[in-house]
Amino acid sequence: MSFLQPWMLFALPLFALPVIIHLIHRRKHSTVHWGAMMFLIEATRASRGWQRIRHFLILLFRMLAVAGLIFAISRPIAGGWLGLAGGGPADCVIVVLDRSASMGVRDLRGGTKLSQGIDKLVDAFKTVEANHWVLIDSIVGAPRELDSPEDLRDLPIGNATATSSDMPSLLQAAVEYREVNKVGRTEIWVLSDTQSHDWRNESSQWGGIRDQLMESEQVRVLLLSYAEQPAENASVRVTRVQRTVDDEGAALTIDLVLHRAQSDSRETIPVEFMLGSARSVIDVPVTAGETRVDGHKIPLDEATTGWGKVSIPDDGNESDNTFYFTFGAEPTRRTLVVAENMPIARILGLVAHAPRDPTLQYELEAQNIEGAAQVDLDSIALILWQGTLPQGDTLDDIERFVDSGGRVIFFPPINPGTESAFGSKWTQWNRQDGVPKWRVDSWFEKGDLLRHTEAGRALPVGELSITEACLLEGDGTTLARLETGKPLLSRAVTTSGGVYFCTSLPRATSSNFVSNAVVFYVMVQRALEDAVGRLRGHRQQSPGRFDPGNDWSLVSEALEGILSSDRHLHASVFSRTTESSEVEHVAINRSVEEDTSAPVPSESIDLLFEGLDFVRVDETLGGRGSVLEEVWRVFLIGMIIALVAEAILCLFDVQGGRRS
């Protein structure tokens, strides 16, 4: 329990005042032994025990009444059934806001997790004293000083976006602000729905943040968590859009995925396709988990470029019910192979250049590591890189390439060094001499590169055998794990595009990737197809990674209540006309992790802040309770109850005296 006027607690010893008065009162009377009274003493001995208990109860209720009065005057604070403020006024309060797509979940009254959370924080700050107020939100990322906590309602931050958050980086920014500005006692208030994709609780960055905060005893972290998931929620995502021309004319072939939250029932969801003025609906039976729809065709007119959207009915989370797509003349699938080993380069080139669809154009460019810096990546869809990880300007170019939707698969060098890229680095080779070879123990088959085929059959990943694998150090997500517990295929954390690390090589001394080529071929071809959307006139972008500037204009539906400067942070479509009179489109959509991510378990959250002064309050969407509220009325009512009980006991004594 915490108090707004804690100095009043110094008066708590006064609760013993009734006992002191009682003892003083007893000393006023001297005891005179009188033999004739022995008969009266014997007569009342049977009731003496009850009288003593009654006197003790009267003293107890008087003490409780005094203590209740003192607590009420001290203005106790409680919130979320747990006291939050305390320790005196803070020198600085830092507010960290998660504005990711999942924070846009609405209740029946239209309020979102983000807007309701901001309202609760502002109400709570009315009882919090601080000299400095600072805001760090997941869009800007940098600290902004506020004049007062009321500014949180006035700033255009109440709308959730289609972006993802990087909570370790946001908290790192809070730590750095405190150190640079030399502030004293600090409270860090975090508003989030604790989605694992946003919190990245397995990142090594958390250890450094915790160590920095533990260096000072003047830091407190308070988390307002909206981890509740909307029931029966479904999401839709387009995975492939291809324009084809045959004897029947031009058509658009669309693959999509429906992901539904936990449910025991089978339900049919109507999926609506909008393409210009044309509208069509198909019914898709779904259960819990992922349902794929492949090869849905929509007839096209003579248009070679354009955009459309796929949507499902509104449910608990409106932010994942719509997905925009663009289309254009099918671009050439260009792959860049960079390798230090020529035999491996030839194998990678063969796998990438073997046409998955004979009607499409494939091109291949091969370079050594030194020559990779000279390649123009604008027309490249996929990079296959074997050797020392890129550094310097080359790494910067590849990072921009990934941000624009490109894909990279890294393969280990023959002699690992100390270089790192995308939060990962190769360490040393681990070899299995003799037989048996290592097998793949588990893999992620519901999505990404090793997902089931269009017919619903699983890839034969379990038939792979590995002789040697290079150990990988990093924070990526393991897509395929060897029986040793080490990853065979890992995906790095990125906000757009895709970066993969394959820990073995396509050669006989390392694996059976070549002799059992199905998995390896499908893996590379899927990465290539996933990256085609970044090519000219046919692009997907993650919100916040695309700056429309003055060249691009919004062509999708108007975003109600959204500033024009923030439109690129929400699901939308932009277009522009090039100097050659060609029309380009860019579709902005949430990341795939926003559809599949789950909240971090509360135990894992506690471990992230282990050893710190940390308080977590779990809220529910639409909850009417306050984060912080004064509860002095509770103690005042308790005092009244104690006085009434004391009066009843005294009245019982008077009535008993009359009866005697």
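Keep in mind that what you see is a predicted model, and the values were worked out from it rather than measured.
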Walk me through whether Phe513 and Cys502 qualify under side chain to side chain contact (heavy atoms under 4.5 Å, CB included). CA-CA 11 Å; Phe513 284 167; Cys502 181; 3.7 Å; yes

Of all heavy-atom pairs between [X] and [Y], which one has the smallest distance, and what is that distance?
X	Y	result
Asp551	Arg576	O-CB, 3.3 Å
Ser511	Pro506	OG-CA, 4.2 Å
His296	Ser280	NE2-OG, 4.3 Å
Trp206	Asn201	NE1-CA, 3.7 Å
Leu482	Ala469	CD1-CB, 4.1 Å
Leu505	Pro412	CD2-O, 3.6 Å

- Query: Val236 and Val257: side chain to side chain contact (heavy atoms under 4.5 Å, CB included), yes or no, with the steps?
  - Reply: CA-CA 6 Å; Val236 63; Val257 170; over 6 Å; no

Side chains of [X] and [Y], heavy atoms from C-beta outward: is any pair under 4.5 Å?
X	Y	result
Asn321	Asp315	yes
Pro355	Leu360	no
Ile298	Phe273	yes
Val586	Val573	no
Val190	Leu224	no
Trp199	Ser192	yes
Val337	Leu364	yes
Arg439	Ser465	yes

Is it the case that the side chain of [X] and the backbone of [Y] share a donor-acceptor pair, with hydrogens and angles ignored and the cut-off at 3.5 Å?
X	Y	value
Thr332	Arg334	no
Ser115	Thr112	yes
Asp566	Leu569	no
Gln525	Val351	yes
Tyr521	Ala354	yes
Asp255	Arg240	no
Lys113	Tyr226	yes
Ser225	Val617	no
Arg243	Thr253	no

* To do: Not counting sequence neighbours, list each pair that qualifies as a salt bridge (Lys or Arg N to Asp or Glu O under 4.0 Å) and has a residue in residues 487-502.
  =>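 Every salt bridge (Lys or Arg N to Asp or Glu O under 4.0 Å) pair that includes a residue of residues 487-502, provided the two are not neighbours, is Asp448-Arg491.
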
Apply side chain to side chain contact (heavy atoms under 4.5 Å, CB included) to the pair Ile269 and Asp283, showing each step before the final yes or no.
CA-CA 6 Å; Ile269 295 180; Asp283 292 329; over 6 Å; no

message = Arg106 vs Glu318, test: salt bridge (Lys or Arg N to Asp or Glu O under 4.0 Å). Steps then yes/no.
response = CA-CA 7 Å; Arg106 296 181 179 274; Glu318 296 179 3; 3.7 Å; yes

- Task: Determine, step by step, whether Leu382 and Val532 satisfy the side chain to side chain contact (heavy atoms under 4.5 Å, CB included) criterion, reporting the C-alpha distance in whole Å, the side-chain angles of both residues, the deciding distance to 0.1 Å, and the verdict.
- Result: CA-CA 8 Å; Leu382 172 66; Val532 168; over 6 Å; no

### Message
The criterion is ring pair (Phe, Tyr, Trp, His ring centres under 6.0 Å); which residues satisfy it with Phe501, sequence neighbours excluded?
### Response
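Phe410, Trp426.
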
Got a second to check how far [X]'s [atom1] is from [Y]'s [atom2], nearest 0.5 Å?
X	Y	atom1	atom2	result
Arg333	Ile380	CZ	CD1	13.5 Å
Ser165	His197	OG	NE2	8.5 Å
Leu256	Asp294	CG	CG	8.0 Å
Ile466	Ser510	CD1	OG	8.5 Å
Leu252	Phe327	CG	CZ	5.5 Å
Thr239	Ile254	OG1	CD1	10.0 Å

Run the side-chain contact (heavy atoms from CB on, under 4.5 Å) test against Ala480 and tell me which residues pass, sequence neighbours left out.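 Checked Ala480 against side-chain contact (heavy atoms from CB on, under 4.5 Å); matches are Val440, Trp443, Leu450, Leu488, Leu489.
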
Under a 4.0 Å N-O cut-off, is there an ion pair linking [X] with [Y]?
X	Y	answer
Arg279	Glu272	yes
Arg237	Asp595	yes
Asp166	Arg200	yes
Arg616	Asp618	yes

Between the side chains of Asp98 and Ser138, does any donor sit under 3.5 Å from an acceptor?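 No - no donor-acceptor pair under 3.5 Å links their side chains.
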
(message) Less than 3.5 Å apart, any donor N or O on the side chain of Glu594 or Ser164 sitting next to an acceptor on the other?
(response)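 Checked: Glu594/Ser164 side chains pair up, N/O donor to acceptor below 3.5 Å.
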
Open item on the list: For the CD atom on Gln361, are there more than 12 heavy atoms of other groups (residues, nucleotides or ligands in this structure) within a distance under 6.0 Å?
Closed with: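 No, not enclosed.
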
Stepwise, does the side-chain hydrogen bond (donor to acceptor under 3.5 Å, both in side chains) test hold for Ser572 with Arg567? CA-CA 7 Å; Ser572 53; Arg567 289 175 178 175; over 6 Å; no

Which residue is it: Asp137, Asp198, Asp193? I am looking for the one with a salt bridge (charged side-chain N to carboxylate O under 4.0 Å, His left out) to Arg99.
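When salt bridge (charged side-chain N to carboxylate O under 4.0 Å, His left out) is applied between Arg99 and each of Asp137, Asp198, Asp193, only Asp137 qualifies.
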
